[in-house]
Amino acid sequence: MSEVRVRFAPSPTGFFHIGSARTALFNWLYARHTGGRFILRIEDTDKERNTEEALRVLIDGMRWLGLDWDEGPEVGGDYGPYFQSERQKIYDEYLQRLVGAGRTYEKDGAIWFQLEGERYTEYDDYKKAEIEKVRAAPVVIDDAVRGRVERAEERDFVLVRADGSPVFHFVNVVDDIAMGITHVIRGEDHLSNTSKHVELFRALEVEPPIFAHIPLILKESGPGKMSKRDAGALIDNYEERGFLPAAVRNYIALLGWNPKDDREKLDIDEIIDLFDFPGINKGNARFDERKLSALNAEYLRELNLESFAFLVRPRLHLAGLVAEDVDEDYLQAVLRLCQPKARSLDDLAELCDYFFSDTYTMDAKQGEKLEKKGDPKALLGEILPLLEALDSFDAGSLQSMLEAHAVVKEQKIFAYFPALRYAVSGRAGGPDLLPLLAVLGSDRVLARIQAFIA
RNA sequence: GUCCCGUUCGUCUAGCCAGGUCUAGGACACCGGGUUUUCAUCCCGGCAACAGGGGUUCGAAUCCCCUACGGGAUGCCA
């Protein structure tokens with residue numbers, strides 16, 4: 001059998017949304033699974049959009065998700081050009097074949113495709129008009145996901161607009177033929193269009209590819225499929241918010257596909273290995289950002305400290321917390337404490353700002369709570385001189401010092417913890433206190449306690 | 001309106017093709033408990049579904065039909 005050739009054929013609209021990304025991913029996975037080729041073809045026939053910038057969004061999004069293409073923009077290939085705007089000659093050629101076969105006619109300045117079959121007119125309730133229909137033989141496809149699907153096309157359709165530009169259905173089929181596409185993996189919204197496409201394949205005397213129509217991603221709440229405007233729909237948004245591409249990729253792979261066992265967190269090689277049409281669901285899937293976040297948090301926790309620091313540094317810099325030349329040892333010491341607490345990269349700056357700045361906010365509510373339980377200033381007043389006298393400011397020394405003091409006061413060591421934490425961080429939760437103090441260092445800790453007591 | 005596709009916990013899904021092992025499994029979310037100085041993590045437990053009706057069968061989540069509901073298509077958009 002010849003090599004598998006699949007394609008992702010987006011139109012650069014300036015958005016790269018999660019549904020497109022999932023279609024791209026499924027095509028990519030199938031190519032990688034079968035050892036075939038993944039082709040990126042740009043359907044940029046709409047001249048009005050800023051294709052340069054829009055293309056960037058698409059390409060950046062693909063790269064971010066790690067979906068590399070074997071043929072297409074920036075990499076070339078033997079079946080180019082890979083922009084529809086540059087393939088006019090090819091469309092003309094194929095159009096001539098249809099004209100030669102007597103399957104076209106002109107009407108209102110446009111070129112139409114003529115179906116074969118008995119013609120009749122009928123009132124169409126949707127069009128609210130009397131229109132010509134054709135009793136064409138039903139097209140039967142053996143869809144790799146949905147099985148046998150039969151549908152008859154009943155109206156002629158436009159191939160080339162009055163302004164001379166070819167329409168989607170036509171160029172799509174021509175390009176798939178010219179590029180030797182063997183499998184068309186696309187959203188279910190194209191299932192009804194497939195009868196048009198198969199009619200064209202037949203008229204051009206080409207065996208149609210194998211179709212695999214994948215379920216749609218429905219919006220998180222409300223009716224309908226996900227669109228650009230829905231929350232969480234855009235891929236670049238996840239990049240901005242500090243989601244890990246591996247997590248996003250893993251999550252969208254699970255939207256409409258699953259490995260048939262109970263595993264959900266899978267690395268990409270496993271997904272490639274397991275991915276195939278029988279694992280694809282028929283029913284549409286509803287997007288759930290909480291599940292994505294949970295998966296992302298899981299990936300985040302598994303990162304080694306160096307990688308984690310690498311990802312976090314620019315975000316802290318952006319938040320104005322660290323300089324470009326931040327001390328790497330200090331940064332890593334902080335992150336060693338904060339990484340286990342992080343649920344996303346996005347909230348990390350908030351989580352650990354007090355390590356880098358003295359202008360962190362004091363949580364007033366927690367302050368009140370603390371007051372009710374005891375006198376934090378008095379407690380801190382007791383241990384401040386001891387802290388000042390400490391010659392080694394590490395977790396072990398802090399612990400022995402506090403324990404010794406607690407014994408004298410007939411207290412538990414933990415009696416001092418909440419006040420200490422609040423004074424140095426302004427909040428009630430966070431990393432383990434003693435290591436936190438050690439990393440923060442005696443200068444900062446003492447200054448903050450003094451300020452708190454004053 | 002017509003045509004096409006679908007329907008298992010709130011959500012993603014396993015099971016369906018090859019009917020019995022399903023008192024329907026896992027995950028997210030939620031709720032409780034444990035661990036922890038705290039928060040997060042982690043561990044334990046709980047909640048919760050075969051859309052409805054008819055068949056076929058000794059037996060149906062699984063096969064067939066109908067209905068309902070959901071989604072899509074019906075553009076000189078892609």
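In this structure, the ring of F355(A) has its center no less than 6.0 angstrom from the ring center of Y360(A).
Between D267(A) and R249(A) there is no salt bridge, since no side-chain nitrogen of the basic residue lies less than 4.0 Å from a carboxylate oxygen of the acidic one. We find that E150(A) and R148(A) are joined by a salt bridge, their nearest charged nitrogen and carboxylate oxygen being less than 4.0 Å apart.
Across the protein-nucleic acid pair, F168(A) atom CZ and C77(B) atom P stand 13 Å apart, rounded to whole Å. Here C28(B) presents its P atom at 11 Å from CG of D288(A), a figure rounded to the nearest Å. M226(A) has its CE atom 14 Å from the P atom of G72(B), to the nearest Å.
Spacing between G34(B) and A40(B) at atom P, rounded to whole Å, works out to 14 Å. Remark: the separation of the C1' atoms in U67(B) and A73(B) is 23 Å, to the nearest Å.
Comparing V158(A) and R146(A) by the nucleotide of RNA chain B whose heavy atom lies nearest to each, the residue mapping closer to the 5' end is R146(A). Residue order along RNA chain B, read from the 5' end via each residue's closest nucleotide, puts N281(A) first among N281(A) and P435(A).
The side chain of R263(A) contributes no N or O atom lying less than 4.0 Å from OP1 or OP2 of A14(B). Considering only side-chain N and O atoms, K260(A) lies under 4.0 angstrom from the phosphate OP1 or OP2 of A14(B). The side chain of K127(A) places an N or O atom within less than 4.0 Å of a non-bridging phosphate oxygen (OP1 or OP2) of G75(B). A close approach under 4.0 Å does occur between a side-chain nitrogen or oxygen of R155(A) and OP1 or OP2 of G75(B). Distances shorter than 4.0 Å separate none of the side-chain N or O atoms of K291(A) from OP1 or OP2 on A27(B).
Considering CG of L380(A) and CD1 of I449(A), their distance stands at 5.5 Å, rounded to 0.5 Å.
Taking only distance into account, the side chain of K341(A) meets the base of C39(B) through a donor-acceptor pair shorter than 3.5 Å.
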